[in-house]
Amino acid sequence: MKEAILYAHLSWPEIRDLDKENMVVVQPFAAIEDHGPHLPVETDCLLINALCLAAARKIKKNVLLMPLIPYGYVEHHMDFPGPISIDGHHLIGYLAGALKSLTRHGFRRLLVANGHGSNRPFMDVAARTVMDSTDAIVGCVTPYSLAKKEIKDICESQFISHAEELETSLVLYLDETLVDLAKRVKEIGFPISKFHWRSLIDAPPLSFVDRWSRISESGVVGDATLASKEKGEKLFAVIVERLAELIEEFMHREIKPNRDHHR
Ligand SMILES: [Zn+2]
């Protein structure tokens, strides 16, 4: 059924006639990659799309949701069967092209909502490229980081990283038929260090992304055995609430004109 918040449902005259002054266009961006033996490879796509859709439905006005970009940078996962990796430079150009197209139709508030940790550097460069070459503002967010405290309160695990308590709980909440409960594992295979750890919500001071097959046998990093549908419901609600809050603030952020000081 047609929904006014979905860009893909609109006709070109409807897009032309939108009041774009405060409209925030949200571009969900994710990846297809291994998520342990118990979750589907579409996990990041499923989660970010559901979170963005729920946040947009909550806000209702002045928000438009773009079709999901399903492929991201997953080169470090290619030792496992399943991932689809896009070269980083292509990814920057592809995302920047999508965002720039929106600016040509008059949209000026663009927000990339990312569901996959390793997309971050490419997403940031794409956003900067569009910011610096158009009059739009382009923000990037990985929504899990908006609810760090709540995620730490709801989850029992020390490490919130990949295919673990957080992601498994969220998929259980959204569609439990996609989770093979018996195959859940706990695996924390990376060396524990003062300066480096794996986290979807807390960036370590020393950043590097090891090849996944060096730090995980199962593909899981964290503890999937602690996941539950009940935790997923709570996690989903709080992340959606924070994301909606961020979108509403972005909607009302003042965009001042830039001024050329050469003359
Ligand atoms: Zn994931």
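When a residue number appears, it is its place in the shown sequence, counting from 1. Worth saying up front: this structure is predicted, and the values here are computed from it rather than measured. Each ligand, and each atom within it, is numbered from 1 in the order the structure gives.
The two residues D44 and E33 come nearest to each other via the heavy atoms OD2-OE2, 3.3 Å.
The Zn ion (ligand 1) has no N, O or S atom of E33 closer than 2.8 Å. Within the 2.8 Å limit, H162 places no N, O or S atom next to the Zn ion (ligand 1).
For the residue pair T43/E167, the side-chain donor-acceptor check at 3.5 Å is not satisfied.
Ionic pairing of D153 and K149 is present here: one or more N-O contacts between side-chain nitrogen and carboxylate oxygen are shorter than 4.0 angstrom.
Distances from the Zn ion (ligand 1) to each N, O or S atom of E167 single out OE2 as the nearest. Closest to the Zn ion (ligand 1) among the N, O or S atoms of D44 is OD1.
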Next item on the list: Report the C-alpha separation of Y71 and Y94 in whole Å, then their side-chain angles, then the decisive distance to 0.1 Å, and conclude whether the ring-ring contact (aromatic ring centres under 6.0 Å, His included) test is met.
Entry: CA-CA 11 Å; Y71 299 138; Y94 186 77; 8.7 Å; no

